[in-house]
Amino acid sequence: MDNSSYNIPYPSIDQVGVAERAARLMSRSIKKEAKIFALKLALNMVDLTTLAGDDTPGKVRQLCYKAAHLHDALPGLPHVAAVCVYPNFVRIAKEAVKGTDIQVASVATAFPSGHSSRQVKIDDVKYAVDEGADEVDMVISRGRFLQGHYDFVQEEIAAVKEACGHAHLKVILETGELVTLDNIRLASDLAMDAGADFIKTSTGKIQPASTPSFTLVMLEAIRDYYYRTGRMVGMKPAGGIRTAKQAIQYLVLVRETLGEPWLSNKYFRFGASSLANDILMQLVKQETGVYQSLDYFSND
Amino acid sequence: MPAISGKMEFDTAWSYAPAPENADHIVLKKRYELFITGKFVKPQSGKYFETLNPATGKPLAKVAEGSEADIDKAVKAARKAYTNHWSKLPAKERGKYIFRLARMIQERAREFAVIESLDGGKAIRESKGVDIPLAAAHFFYYAGWADKLNYAFPNTNPSSLGVAGQIIPWNFPLLMAAWKLAPALATGNTVVLKPAETTPLTAMKLAELIQDCDFPPGVVNIVTGAGATGAALVNHPDVDKIAFTGSTEVGKLIRRATAGTQKKITLELGGKAANIIFEDAPLDQAVEGIINGIYFNQGHVCCAGSRLLVQESVKEVIIRKLKDRMETLIVGDPLDKNTDIGAINSQQQLATIEAYLKLGQAEGAEMFQSSCPVPQNGGYWVRPTLFLNASQSHRIVQEEIFGPVLAVQSFRTVDEAVKKANNTHYGLSAGVWTDKGSKIFQMTQKMRAGVIWANTYNKFDPTAPFGGYKESGFGREGGLHGLMPYLKM
């Protein structure tokens with residue numbers, strides 16, 4: 001682990017340039033077989049998510065069934081990559097996906113605000129992992145980050161990583177609260193150096209969540225980290241990605257920034273709840289030539 | 001920056017399906033005549049030449065070859081229109097015609113974009129996103145000045161010159177026509193325009209719009225042809241002003257030919273711009289700026305950032321990023337919406353570029369080309385290319401290649417960057433990339449280039465003057481300054 005302190009954001013990020021580059025990539029025209037390929041790929045990268053205060057075991061079981069049976073009427077579909085739940089639903093989810101290779105991810109570390117003691121956060125992570133979580137989605141302490149306490153934030157991530165044991169760690173930066181692209185770049189670097197397996201934009205509770213500019217900056221940080229260390233870190237944009245078209249645009253960002261090795265759910269995920277159905281709608285349309293009403297797709 | 005280890009892999013099973021822009025609505029004539037006195041007339045010689053689609057090498061249409069006699073006819077038409085009509089018209093009426101033309105270009109933007117890509121080889125992404133909208137914007141901008149010249153230049157009583165002869169290049173055919181026509185017409189001059197021989201089609205389409213706009217006959221005349229046609233225009237005794245955009249070589253000929261005459265001239269010629277990257281630059285955005293600087297329009301850009309000067313502390317990482325970025329460039333069918341780099345404009349230009357690729361290697365620079373696929377179909381293609389370890393005395397660093405070829409050098413200090421950047425006989429443009437505002441001003445004060453972009457490249461706007469130092473020419477186009485070459489004050 002690199003113990004340098006992070007007082008100078010490096011390299012700097014030019015917001016106008018990032019927006020132009022993202023816009024250019026998003027204008028790629030993806031049609032026909034390339035579109036179907038991308039839609040199936042995107043479907044296989046979804047972390048199907050429920051993170052509501054009124055979640056129940058029944059709701060989580062339904063979500064897990066949907067994860068494995070996206071739309072049985074259309075054969076040959078992949079399933080999603082993972083389901084993402086609160087720690088107290090991990091055991092239920094784990095049982096529900098038994099027999100598939102769908103991962104169970106759990107948010108932890110006083111999600112979504114991250115306001116608690118280090119010990120409580122570690123215990124939260126350990127509880128999720130003990131319940132059987134394959135992946136842990138932690139939040140960083142944005143308050144401390146914005147105060148300039150970068151070493152504190154990095155140490156916290158490293159401690160959580162240690163508590164994760166064999167579970168994969170996704171580090172949520174909460175881009176909407178970091179505000180500037182320089183901050184997002186710095187937080188990405190810091191999380192990767194602290195051992196993050198994935199970096200993730202948002203909790204989904206704060207707007208703006210994931211934007212193409214935020215995602216591009218994080219992908220470029222991942223590329224620089226890979227140049228530097230040879231270790232591949234994954235990326236998970238979350239929040240605000242609702243349509244198949246958006247998903248394809250994000251995949252273009254990945255394809256042309258990081259290339260082939262990242263075009264797999266091992267290294268790229270979408271944190272989303274309504275995205276899957278929109279992709280399904282598009283895929284059915286490609287098959288039948290007509291758009292069906294959302295009533296033809298289960299809303300679990 | 002620390003050492004670089006990981007290797008990127010951009011070959012993927014997910015290839016983009018072809019996404020061609022629809023060209024079914026395009027109607028091209030088999031033969032294009034000269035546009036004189038508001039009518040399409042046959043050339044007196046009866047000669048025609050072919051204009052090709054450089055992406056296939058196949059002919060698109062035949063175009064009239066204007067001779068000295070045709071130029072004479074066109075100049076006489078322009079003179080008559082000037083004396084009898086255009087110079088007597090109230091300025092605000094002049095403005096209305098130009099506004100109308102601008103609106104009609106906007107309305108038919110898609111048609112113009114497709115023809116521009118067919119005839120010139122440029123990617124539809126660029127003709128649709130840059131060339132055509134900017135051409136319309138130039139007409140809008142100068143239309144607004146037509147009745148405000150007294151406010152633009154107070155107490156000078158500005159008046160028009162008479163007949164302007166304008167010769168334009170093949171790299172931005174319609175846009176260059178707009179740069180030339182808009183200020184000339186707005187200031188009350190009449191025009192004889194000579195488009196480039198490889199890309200005459202959008203100018204002829206523009207002639208159709210000029211007819212539709214009901215411009216008084218003879219205010220705009222368009223005579224197609226090659227070098228001899230242009231020479232006849234330059235040498236015609238009744239032309240008051242010559243505006244030329246093209247090579248420095250031809251610019252020198254024009255200057256000699258017009259010496260000792262009453263003709264006013266402006267020349268917008270070649271360039272060999274330095275794109276300077278400092279260690280404190282936003283590096284990923286700078287890489288994008290390098291790509292836009294040199295590979296925009298296949299590098300057929302007089303202000304292209306064809307010399308990369310990168311500070312030694314970030315040289316390794318910039319080159320690594322640049323090479324990886326080059327692997328993702330898409331070279332191919334200009335009409336495909338995903339194409340980044342289209343076809344080289346002509347076989348002749350292809351030969352020039354290929355000669356420089358050989359020369360660069362012979363001079364000892366290390367050549368790197370993107371491994372991206374290029375079509376094998378009789379069209380004219382060049383892979384995006386870098387020359388590493390180039391030096392000031394290499395001809396690939398000194399001479400304008402006008403293709404997708406970038407010479408890379410490094411520097412240590414600000415002074416060295418300035419010295420290298422200015423050590424050229426050109427002086428059209430430059431780029432500076434740094435996060436420090438003070439450094440940008442420090443650099444721009446010392447550099448001898450007409451346009452300097454900071455943390456961006458190849459940005460154009462009709463309100464901004466454009467033009468060169470030294471062998472890049474003189475006179476400015478665009479902005480308030482762009483009116484002056486067409487006025488007596």
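Every chain is numbered from 1 and lettered A, B, ... according to where its sequence line falls, protein lines coming before strand lines.
Ranked by non-hydrogen atom pairs under 4.5 Å with chain B, the options Ala38(A), Gly17(A), Ser29(A), Pro261(A) are led by Ser29(A).
At a threshold of 4.0 Å, the pair Arg223(A)-Asp284(B) counts as salt-bridged, since one of the basic side-chain nitrogens sits closer than that to a carboxylate oxygen. Ionic pairing of Lys459(B) and Glu20(A) is present here: one or more N-O contacts between side-chain nitrogen and carboxylate oxygen are shorter than 4.0 angstrom. Classification of Arg24(A) and Asp340(B) as a salt-bridged pair holds, one side-chain N sitting under 4.0 Å from a carboxylate O.
Looking at Tyr226(A), its side chain does come within 3.5 Å of a backbone N or O of Lys7(B) through a donor-acceptor pair. A side-chain donor-acceptor contact under 3.5 Å links Trp14(B) to the backbone of Ala34(A). A distance-only check finds a donor-acceptor pair linking the side chain of Gln285(B) to the backbone of Asp14(A) [under 3.5 Å].
Counting non-hydrogen atoms of neighbouring residues, nucleotides and ligands closer than 6.0 angstrom, the CD atom of Gln147(A) exceeds 12 such neighbours. For CD of Gln286(A), the number of neighbouring non-hydrogen atoms (other residues, nucleotides, ligands) closer than 6.0 Å is greater than 12. The environment of His79(A) atom NE2 is dense: over 12 non-hydrogen atoms of other residues, nucleotides or ligands sit within 6.0 angstrom. In this structure, Lys439(B) places its NZ atom where more than 12 heavy-atom neighbours from other residues, nucleotides or ligands lie under 6.0 Å away.
Rounding to the nearest 0.5 Å gives a distance of 9.5 Å between OG of Ser27(A) and NZ of Lys128(B). For the atom pair CZ of Arg325(B) and OG1 of Thr257(A), the computed distance is 8.5 Å after rounding to the nearest 0.5 Å. With rounding to the nearest 0.5 Å, the separation of OG1 in Thr12(B) from CH2 in Trp262(A) is 13.5 Å.
Residues Asp324(B) and Glu256(A) fail the side-chain proximity criterion, which asks for heavy atoms closer than 4.5 Å. Residues Arg255(A) and Tyr16(B) are in side-chain contact: their nearest non-hydrogen atoms beyond the backbone lie under 4.5 Å apart. Between Met8(B) and Leu258(A) there is a side-chain heavy-atom pair separated by less than 4.5 Å.
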Verdict with reasoning, Val18(A) to Glu288(B), per side-chain contact (heavy atoms from CB on, under 4.5 Å)
CA-CA 9 Å; Val18(A) 170; Glu288(B) 210 47 36; over 6 Å; no

Go through it in stages, so that I can follow the logic: the residues are Lys31(A) and Asn338(B), the test is side-chain contact (heavy atoms from CB on, under 4.5 Å), and I'd like the CA-CA distance, side-chain angles, deciding distance and then a yes or no.
CA-CA 11 Å; Lys31(A) 304 277 184 222; Asn338(B) 289 329; over 6 Å; no

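Contacts between Ile13(A) and chain B at a heavy-atom distance below 4.5 Å involve backbone atoms as well as side-chain atoms. Using a 4.5 Å cut-off between heavy atoms, Ala13(B) touches chain A through backbone and side chain atoms alike. Contacts of Leu251(A) with chain B are made by both backbone and side-chain atoms, with heavy-atom separations under 4.5 Å. Contact of Val16(A) with chain B is not made at all, since no heavy-atom distance falls under 4.5 Å. Looking at Glu9(B), the atoms closer than 4.5 Å to chain A (heavy atoms on both sides) sit in the backbone and in the side chain alike.
Evaluation of the salt bridge (Lys or Arg N to Asp or Glu O under 4.0 Å) rule for Glu111(B) yields Arg108(B), Lys205(B) as partners, not counting sequence neighbours. Remark: Lys35(A) pairs with no residue by the salt bridge (Lys or Arg N to Asp or Glu O under 4.0 Å) rule, at least two apart or across chains.
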